[in-house]
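Just so you know, these numbers use all the heavy atoms, side chains as well, and skip hydrogens, waters and symmetry mates.
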Amino acid sequence: MADFHFSVLSGAVAAESDDTRLLDVLDRALAAADGPLRWKTVRSGMWAHVRPENGECPQQGWKLHVSATPASAQDVLARSLPVLLAGRSTFKFAATRDHVAAMNARNTSRGHSGKFITVYPVDDDAAVSLAAELHAATAGLPGPRILSDRPYGPGSLVHYRYGAFVEVRRITNDGFYAWVILDPDGKPVEDRRGATYTPPSWAVCPFPQDVPPVEGHDDAGAAGGPESARKSVAQNGAGNRKSVLIGSRFTVHEAIRHTNKGGVYRATDTETGDAIVIKEGRPHVDVDAKGRDTRDRLRTEARVLEAVEALGIAPRPVALFAQAGHLFLAQEMIPGTSLRQWIADVIGDAGWGPHVPAVLEMGGRLAALLAKAHDAGLIVRDFNPSNVMVRPDGTPVMIDLELALTADDTEAEGMRVGTPGYSAPEQMAGAAPDQAADHFALGATLCHVLTGGPPYFLDEDPATRPLSERLEEWLAARTLDLDLPGPLAPLLLALMADEPGHRWTPHRAREALAQMGPDSAGSRGTHDAPAELSGAVRTPSLREQCRLSTAGIVDQLIATMDPASTETLWPASCVYGAPDPCSLQHGAAGTLGALTRCFEVEPEPRLAGAVADAGRWILRRLGEDGDRPPGLYFGTAGAAWAVLDAGLALDDADLVEGALAVADRLPEAVPSPDVTHGTAGLGLTALHLWSRTGQARFADRALAAAHALAETAEEREGGLDWSTPAEIESKLAGARYYGFAHGVSGVGCFLLACAESVGGDAHRALAARVGETLLDTMIDTGRSAMWAASSGDVATAPYWCHGSAGIGGFLGRLGRATGDGRFRWAAEMSARAVMDNRWRAILGQCHGLAGNGDFLLDLAALTGAERHRADAWRLAQIVLANRAHRGERVVFPDEQGGVSTSWGDGLAGVLGFLVRLQHGTSRQWMADEAAAHAAEDATIAGRAS
């Protein structure tokens, strides 16, 4: 069914349980059904599918959704099943109450929330009939409004939308699946599943529009209610300044954000003229076991704000009011910036190391803030950098206190609530509320303030290492170069002690911080470092950790691959959407490339089998699902590259021939110019294939790509430029970037590689002009080189995708090729930017430390300067400190705090960096070897002559 891929739970994971209550309801209903149809049931993932034997399901049409809460799900299902089993339409429902809870969680995708039962009517008449009967059967039961649908009537649990019943999907130009329906002309159009009801213009609604409201229901869509407010203010923050009055006194100007639990709005109090923040609680969302929802938590927050109003540690409450069934809390708007942004600004302005005095001062203020809250009897339960605002004078203030409890909340029960990385382990496990959990949160927040990132640890199984041991290693890695007061690290460890009763209180932490300073007794410089870092005898532990982690990642990748799957070879991360399962960036090709490199340096039978299976799986899937874009990172080219390398490593002629057959179907050029999707990536692929096979047709393809780029180059203010054409169906349409992945530096890198191998001086000259453009647009901070993502933007983080790591890699290669010291200087300055920003916590290739480490290894190879290799080891130490052991396997958190196997943000990219660091191999997915191949050919030709 079309909705089977429930991949948009925004990180919420519904745990499998032994809860069979909903399935038992189905069994009883099936036993009682006396109609002529026989029904077939299938459990698949989170869904229980029910369909009539020999029944057919239309491809698309008006589908029905019935909402429920975890508490009401049994009743909703029990009342709905007699209606559904009396018909002949296929349907499905969430199989456990845990799944219902995950579906309705506070941060679940707003476009998919609430859909407990999905019905696929056989025709429009059945849709209308079933909707009316389900509406009557479930009247009076609680369930959230489904934002992607239209309610059958005011207060109804039944909703409808036009969409796909059976999966029909295509891979877009951006390399992700889009679900499609057919328009009246038979052309595919996207089946949009957003947070608003947007039926196709040609779909005629068959449902009545005058259904009376459910008795006693206050319609959430009434005129002037929250729905009209939501549609009247900016959906994505600033931009739409149309105002709307709610609560009879608050003029809402714009939405700060929208989440499943409700919006947060900027407003003005018309009675006082004060700037106000208004938080919304949607009915029946994020319901706990006792039926309490976001509105109840908003009432709790109001009580908390009233309890501490005189202390000045939180916003002043203004009003709590209901409107059209939603609850709103108006409170003082705190001027300033979030603590998360404050520390990023402090490190960015002062630099890594010089920020420590400001950190110590802020640490004392944060400890004092939490101490005041505790003295007032609060248990905060979600103290973290996103929930603290810093006023312009530097005073921190707590916000978003919806999980906090007052001393009067004597019946509060333990819940699995909080923010991963900051909330204490026992709190995340559902322990009873206790201020000791806040002590842990203070320590985690101070770690973020000090190091620029949270101490986020994935679970280990078995949990053989205490959290304190992992934290000590993490702190040692992230503070290696900081001149800290000696007592600071022990203080952090004491706040986050494994045993709650042993944790320091905020009072004790504040007193200890008050005695610290940069010149405190016991100040220490660095931890013991390996030879790559300190120049002393190498500490074996870091290299051994690197070796063991490499083996552990390989174990994880081999254990989790499923060659029998028809969908994905490895579990797919769907954070960015539903990716092409064969792609380099998020699919099997990138992971295969990393495993192939492991096999090349250490041939092992288990690796040989995994590499062969992965190569065959990709070729088979390419043949079954051939309508995909041709790009290197998001298309067919990357898959051909990975399979060719696998075949050559294994001496497997079938894989090699299959990869070359795929490559021969690639175009020489496409309208997009860049490395990830476009012509530059196709050119790099052609160079790589030529260097590995010696077949001249691939050299010709590379030259054709270079010529196409030369013809489409644009002279603009600021230098040479390429852009993705505006008419292309792509998120990159019309975009112009400087970075490697999507911008001119990636194009320049291909042109240079072409010049160094099969091209000539014209291509080198064009690459040099790209280099001049990058020199002209460089942001010189005084010690490092940064770039904006595009003209007019502020400097972006120094990553492979957009920033200094990717651009610096090109400029370093250009400096060596041309002998122009300016390019090498800019590359060296880029390396400083990478090291100055090592506090950024992401680990992967695209936006993280693994990609930055690969850039430093590039510079070490290009310049012969061992300091760059030492810096790469320094980044590896930070990466390795984030590992989690699961038996013999090792995993690392991806950008969203989960486990991904992909190259771009997951394990494969980390593995590629660690293998290269240990074995000195070349950079993957580059064409550096093409120049060496050309030189070898020239030498052979010279000898022959």
Side-chain angles (χ1 to χ4, degrees), residues 173 175 582-584 589 593 618-619 622 626-648 655-713 722 724-725 740-741 746-767 770 810 813 922-938 941:
N173 291 328
C582 295
S583 72
L584 191 166
I618 290 173
L619 288 179
L622 289 176
D627 188 16
R628 54 175 31 84
L632 173 53
Y633 279 78
F634 291 89
T636 308
W641 185 321
V643 175
L644 174 71
D645 284 357
L648 292 173
L655 288 181
V656 171
E657 291 174 6
L660 294 179
V662 171
D664 282 333
R665 296 193 293 270
L666 293 172
E668 295 174 340
V670 291
S672 299
D674 67 15
V675 162
T676 54
H677 297 76
T679 300
L682 293 172
L684 286 175
T685 303
L687 286 177
H688 179 76
L689 297 178
W690 170 73
S691 68
R692 296 303 310 272
T693 68
Q695 297 182 16
R697 68 182 185 279
F698 293 116
D700 294 338
R701 286 174 172 269
L703 283 171
H707 293 328
L709 288 168
E711 291 175 357
T712 56
W722 285 267
T724 300
F740 194 92
V747 174
C749 198
F750 160 62
L751 291 170
L752 180 64
C754 186
E756 296 292 285
S757 53
V758 301
D761 292 341
H763 301 113
R764 186 177 295 103
L766 198 57
V770 174
F810 162 58
R813 289 171 172 81
S922 60
R923 181 79 176 263
Q924 288 192 267
W925 320 117
M926 296 289 283
D928 295 328
E929 75 282 357
H933 181 75
E936 181 180 345
D937 280 359

Check [X] against [Y] and note the closest heavy-atom contact, atom names and distance.
X: M926; Y: F740; value: SD-CZ, 3.7 Å
X: S757; Y: A931; value: CB-N, 4.0 Å
X: A927; Y: L687; value: CB-CB, 4.0 Å
X: L622; Y: A639; value: CD1-CB, 4.0 Å
X: G759; Y: L703; value: CA-CD2, 3.7 Å
X: P671; Y: P725; value: O-CD, 3.4 Å

Just distance, no hydrogens or angles: give the donor-acceptor pairs under 3.5 Å from side chains in residues 747-754, sequence neighbours left out.
none

Note to self: Applying ring-ring contact (aromatic ring centres under 6.0 Å, His included) as the test, list every pair that has at least one member in residues 658-684; sequence neighbours left out.
What the structure shows: F634-H677, H677-H742

Next item on the list: Output all residues satisfying side chain to side chain contact (heavy atoms under 4.5 Å, CB included) with A713, sequence neighbours left out; order by chain, then residue number.
Entry: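 Once residues adjacent in sequence are excluded, the partners of A713 under the side chain to side chain contact (heavy atoms under 4.5 Å, CB included) criterion are L720, W722.
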
Next item on the list: Determine yes or no for a side-chain-to-main-chain donor-acceptor pair under 3.5 angstrom, with T679 supplying the side chain and S672 the backbone.
Entry: yes

Margin query: Looking at S691, is its backbone amide N or carbonyl O close enough to the side chain of E929 to form a donor-acceptor pair, meaning the two atoms are under 3.5 Å apart?
Written below: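 Looks like no, no N/O pair under 3.5 Å.
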
Compile the donor-acceptor pairs under 3.5 Å between side chains in residues 663-670 and protein atoms, sequence neighbours left out, one pair per line.
{"from": "D664", "atom 1": "OD1", "to": "R697", "atom 2": "NE", "distance (Å)": "2.8"}
{"from": "D664", "atom 1": "OD2", "to": "R697", "atom 2": "NH2", "distance (Å)": "3.2"}
{"from": "R665", "atom 1": "NH1", "to": "A661", "atom 2": "O", "distance (Å)": "3.4"}

In Å and rounded to the nearest 0.5 Å, what is the [atom1] to [atom2] distance from [X] to [Y]?
X: R692; Y: L644; atom1: CZ; atom2: CG; answer: 6.5 Å
X: L632; Y: T676; atom1: CG; atom2: OG1; answer: 8.0 Å
X: H933; Y: T693; atom1: NE2; atom2: OG1; answer: 7.5 Å
X: L766; Y: D761; atom1: CG; atom2: CG; answer: 12.5 Å

Next item on the list: Kindly determine whether V643 and L619 satisfy side-chain contact (heavy atoms from CB on, under 4.5 Å), including the steps that lead there.
Entry: CA-CA 8 Å; V643 175; L619 288 179; 3.9 Å; yes

Checklist line | With R813 via salt bridge (charged side-chain N to carboxylate O under 4.0 Å, His left out) - residues at least two apart | finding: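 If we apply the salt bridge (charged side-chain N to carboxylate O under 4.0 Å, His left out) test to R813, skipping adjacent residues, the hits are D858, D928.
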
Check: Under the side chain to side chain donor-acceptor pair (under 3.5 Å) rule, what pairs show up with a residue in residues 629-642, not counting sequence neighbours?
Finding: W641-D645, W641-H688

Notebook entry, point to check: Where do L689 and R701 land on the side-chain contact (heavy atoms from CB on, under 4.5 Å) test, with the steps shown first?
Noted result: CA-CA 10 Å; L689 297 178; R701 286 174 172 269; over 6 Å; no

Next item on the list: Start with the C-alpha gap between V675 and W925, add the side-chain angles, then the distance that decides, and say whether side-chain contact (heavy atoms from CB on, under 4.5 Å) holds.
Entry: CA-CA 10 Å; V675 162; W925 320 117; over 6 Å; no

